[in-house]
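See below for the structure under consideration.
In each ligand, atom 1 is the first atom listed, and ligand 1 is the first ligand listed. These numbers come from a predicted model, not from an experiment.
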Amino acid sequence: MNLDTILQKAINAQPLTYNEIMFLLTLNKEADYTRVFAAAREVRAKHFQDKVFLYGFIYFSTYCKNNCSFCYYRMTNSESPRYRKSIGETVRIAGELAESGVHLIDLTMGEDPLFHNPDGYNELTRLVREVKENSDLPVMVSPGLVPAGSLYELKQAGADWYALYQETHNQNLYKKLRLQQEYEHRMSAKLLAKRLGFFIEEGILLGVGEDFTDIATSILTMQNLGVHQARVMSLVPQRGTPLAGQSPPPQLKELLSIAVMRLALGNVLIPASLDIEGITGLKKRLEAGANVVTSIIPPRTGLAGVSQSSLDIEAGFRTASGVTRVLTELGLKRASLQEYQDWLLAQKPEPHQKGGVVNESRHYWRTAAGN
Ligand code: SAM
Ligand code: MD0
Ligand code: SF4
């Protein structure tokens, strides 16, 4: 196994093997991982030149019926701020974000019982339709697990993306993270969304008990699912949760994972989230090969982040202009909306795609996860 050969393979868009991915993830010499980051930037540049996409984030309801062990907004945490924005207010904020130059609106909520019922899903659909009509931007929904019929309605209402993160593809670890949520239900919802013509995002968490084999398995699973966006986030330990006392993972782990995702997955979108270290953490994530800045939140709206509920929000650093300053320092540019739409169009998600995506990946995630 040789670093040069692996990096050259990735640059030539040849698929990496499990062992090659493991080799990269476990590098520990600075000289080596510096080269991995450089190769990841080269692969990014091939697909996206110097253009970066910006996602506006609207966490419109922080109520949740679930109890994920890592999450500040788990139902039983009495410390987290709870609010629910009206459709009107959400539409207004989305307009403000659109005005500021983001390329997409991410409508996120906890699994709020008020929305997670038949009438509630209709409200959610109405919200999506109104945000879409008023902002005229691509829309991502991150509402948690929703039934098949509602996914279909959300698509009809104009939602472009469905984000639903597994956090890990090790099913034993999953059970400790997403308590009482079926692994297969989340996985199937993602696959159904893809077949309905959504762009899909998958994501993993680091610092929650995973080892390198888990990360490698996740990267290959993402490849096999054909995700359009692939995310890795470091745990931010939250007060009032079972993982409150956990130490955050070493920074390098997330950065190397971003870079290896870029090398293994090539043309996918990879977030640099402002929701972990705020604006301070942006540069290193972009230098590791990320090409989308997520969790842009306008100040003076009362909106929270998920893993950093308030960091840098009121200071106005988590804004399109705050981000653009950092891009300029790195010799990168904010893409135009047309460029983002062209990228989406080039992916041509075909509803009801031929080719047995579902069966193949179902097989893969079973075998990859060892059961
Ligand atoms: N409630 C929906 C759900 O869970 O699918 C939507 C929210 S989802 C976008 C929240 C995501 O933020 C989680 O899937 C997880 O990846 C990430 N997250 C939550 N708490 C976190 C924490 N403490 N540290 C890092 N990431 C976290
Ligand atoms: C982020 N906190 O972008 C948000 C969230 C949901 N689609 C995204 C994890 O980092
Ligand atoms: Fe609820 Fe999502 Fe947090 Fe889990 S991650 S507790 S589903 S808001």
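- The closest protein non-hydrogen atom to atom 14 (O) of ligand 1 is Glu167 OE2, 2.5 Å.
- The shell of residues lying under 4.0 angstrom from ligand 1, judged by heavy atoms, includes Gly110.
- Geometrically, Lys85 engages Tyr83 in a cation-pi contact, judged by NZ or CZ lying under 6.0 Å from the ring centre and within 45° of the ring axis.
- Which parts of ligand 2 touch Asp106 is read off a 4.0 Å heavy-atom cut-off, strictly below it: atoms 6 (C), 7 (N), 8 (C).
- One distance of note links CG of Leu235 with OG of Ser307; it measures 8.5 Å at 0.5 Å rounding.
- For Gln308 (side chain) and Gly305 (main-chain N/O), no donor-acceptor pair under 3.5 Å exists by modelled atom type.
- The distance from ligand 1 to the heavy atoms of Ser307 drops below 4.0 Å at these ligand atoms: 21 (C), 22 (C), 23 (N), 24 (N), 25 (C), 26 (N), 27 (C).
- For ligand 2, the atoms lying closer than 4.0 Å to a non-hydrogen atom of Ser273 are 1 (C), 10 (O).
- In summary, Asp312 and Arg318 do not engage in a salt bridge, as defined by a charged side-chain N under 4.0 Å from a carboxylate O.
- Protein heavy atom in closest approach to atom 11 (C) of ligand 1: Tyr165 CD1, 3.9 Å.
- Note that atom 8 (S) of ligand 1 has no protein non-hydrogen atoms nearby, at separations under 4.0 angstrom.
- At a 4.0 Å heavy-atom cut-off, ligand 2 touches Phe57 through the side chain alone.
- Under a 4.0 angstrom heavy-atom cut-off, Arg186 registers as being in contact with ligand 1.
- Of all atoms in ligand 2, numbered sequentially from 1 with element shown, those under 4.0 Å from a heavy atom of Val306 are 2 (N).
- At a heavy-atom distance under 4.0 Å, no atom of Arg231 approaches ligand 1.
- Not a single N or O atom of Glu201, backbone or side chain, sits closer than 3.5 Å to an N or O atom of ligand 2.
- Every atom of ligand 2 with a heavy atom of Ser142 under 4.0 Å away is listed here by number and element: 6 (C), 7 (N).
- Ranked by closest heavy atom to atom 3 (Fe) of ligand 3, the top entry among Ser80, Cys71, Gly144, Ser142 is Cys71.
- Considering Gln308, Met233, Met109, Glu111 only, the shortest heavy-atom separation from atom 2 (C) of ligand 1 involves Met109.
- Of the protein's heavy atoms, Val306 CG1, 4.0 Å lies nearest to atom 10 (C) of ligand 1.
- Of the heavy atoms in Tyr59, none comes closer than 4.0 Å to ligand 2.
- By the criterion of a heavy-atom distance under 4.0 Å, the side chain of Thr108, and not its backbone, is placed next to ligand 1.
- No hydrogens or angles considered: a donor-acceptor pair under 3.5 Å links the side chains of Ser80 and Arg82.
- Between atom 4 (Fe) of ligand 3 and Cys68 there is an N/O/S contact shorter than 2.8 Å.
- Annotation: cation-pi pair Arg84/Phe60 absent, no NZ/CZ under 6.0 Å from the ring centroid and within 45° of its normal.
- Using modelled atom types, one finds a donor on one side chain and an acceptor on the other under 3.5 Å when comparing Asn66 with Glu111.
- At a heavy-atom distance under 4.0 Å, no atom of Cys64 approaches ligand 1.
- No N or O atom of Pro143 sits closer than 3.5 Å to an N or O atom of ligand 1.
- Against a heavy-atom cut-off of under 4.0 Å, Asp275 is close to the following atoms of ligand 2: 2 (N), 10 (O).
- Between the side chains of Thr108 and Asp106, at least one donor-acceptor pair of N or O atoms lies under 3.5 Å.
- At a heavy-atom cutoff of 4.0 Å, ligand 3 is contacted by the side chain of Phe70 but not by its backbone.
- Of the heavy atoms in Lys65, none comes closer than 4.0 Å to ligand 3.
- Taking every non-hydrogen atom of Ser234 and a distance limit under 4.0 Å, the qualifying atoms of ligand 1 come out as 24 (N), 25 (C).
- Note on Lys46 versus Glu42: no salt bridge recorded, every NZ/NE/NH1/NH2 to OD/OE distance being 4.0 Å or above.
- On a distance-only criterion, Arg178 and ligand 1 share at least one N/O pair closer than 3.5 Å.
- Aromatic ring pairs are classed by plane angle as parallel below 30°, tilted from 30° to 60° and perpendicular above 60°; the pair Phe57 and Tyr59 is tilted.
- Considering backbone and side-chain N/O of Gln238, one or more are found under 3.5 Å from N/O of ligand 1.
- For Glu201 and Lys190, the salt-bridge test fails: no basic side-chain N is under 4.0 Å from an acidic carboxylate O.
- The aromatic rings of Trp161 and His228 sit perpendicular to each other, their planes meeting at more than 60°, with 30° as the lower class boundary.
- Contact atoms of ligand 1 toward Val236: 22 (C), 23 (N), 24 (N), 25 (C) (distance under 4.0 Å to a heavy atom of the residue).
- Considering both main-chain and side-chain atoms, Phe70 comes within under 3.5 Å of ligand 1 through a nitrogen or oxygen pair.
- The distance between the ring centers of His169 and Tyr174 does not fall below 6.0 angstrom.
- Closest protein heavy atom to atom 8 (S) of ligand 3: Gly110 CA, 3.6 Å.
- By the criterion of a heavy-atom distance under 4.0 Å, the side chain of Leu205, and not its backbone, is placed next to ligand 1.
- Listed by number with element, the atoms of ligand 3 under 4.0 angstrom from any heavy atom of Arg178 are 4 (Fe), 5 (S), 7 (S).
- Residue Ser142 places a heavy atom less than 4.0 Å from ligand 1.
- Under a 4.0 angstrom heavy-atom cut-off, Pro237 registers as lying outside contact with ligand 1.
- Ion pairing of Lys155 with Asp160 is absent here, as no side-chain N (NZ or NE/NH1/NH2) approaches a carboxylate O to less than 4.0 Å.
- Remark: among candidates Leu107, Thr108, Thr294, the nearest residue to atom 3 (O) of ligand 2 is Thr294, based on non-hydrogen atoms.
- In this structure, Glu277 does not pair ionically with Lys283, as no charged nitrogen and carboxylate oxygen lie closer than 4.0 Å.
- Proximity to Cys64 (heavy-atom distance under 4.0 Å) selects the following atoms of ligand 3: 1 (Fe), 6 (S), 7 (S), 8 (S).
- With hydrogens and angles disregarded, no donor-acceptor distance shorter than 3.5 Å links the side chain of Gln229 to the backbone of Pro271.
- No salt bridge links Glu287 with Lys284; every basic N to acidic carboxylate O contact stays at or beyond 4.0 Å.
- Taking a cut-off of under 4.0 Å to the non-hydrogen atoms of Met140, the atoms of ligand 2 that pass are 7 (N).
- Nearest heavy atoms, Val139 versus Val128: CG1-CG1, 4.4 Å.
- Counting only heavy atoms of the protein, atom 1 (C) of ligand 2 lies nearest to Arg231 NH1, 3.3 Å.
- Under a 4.0 Å N-O distance rule, the pair Arg126/Glu130 qualifies as a salt bridge.
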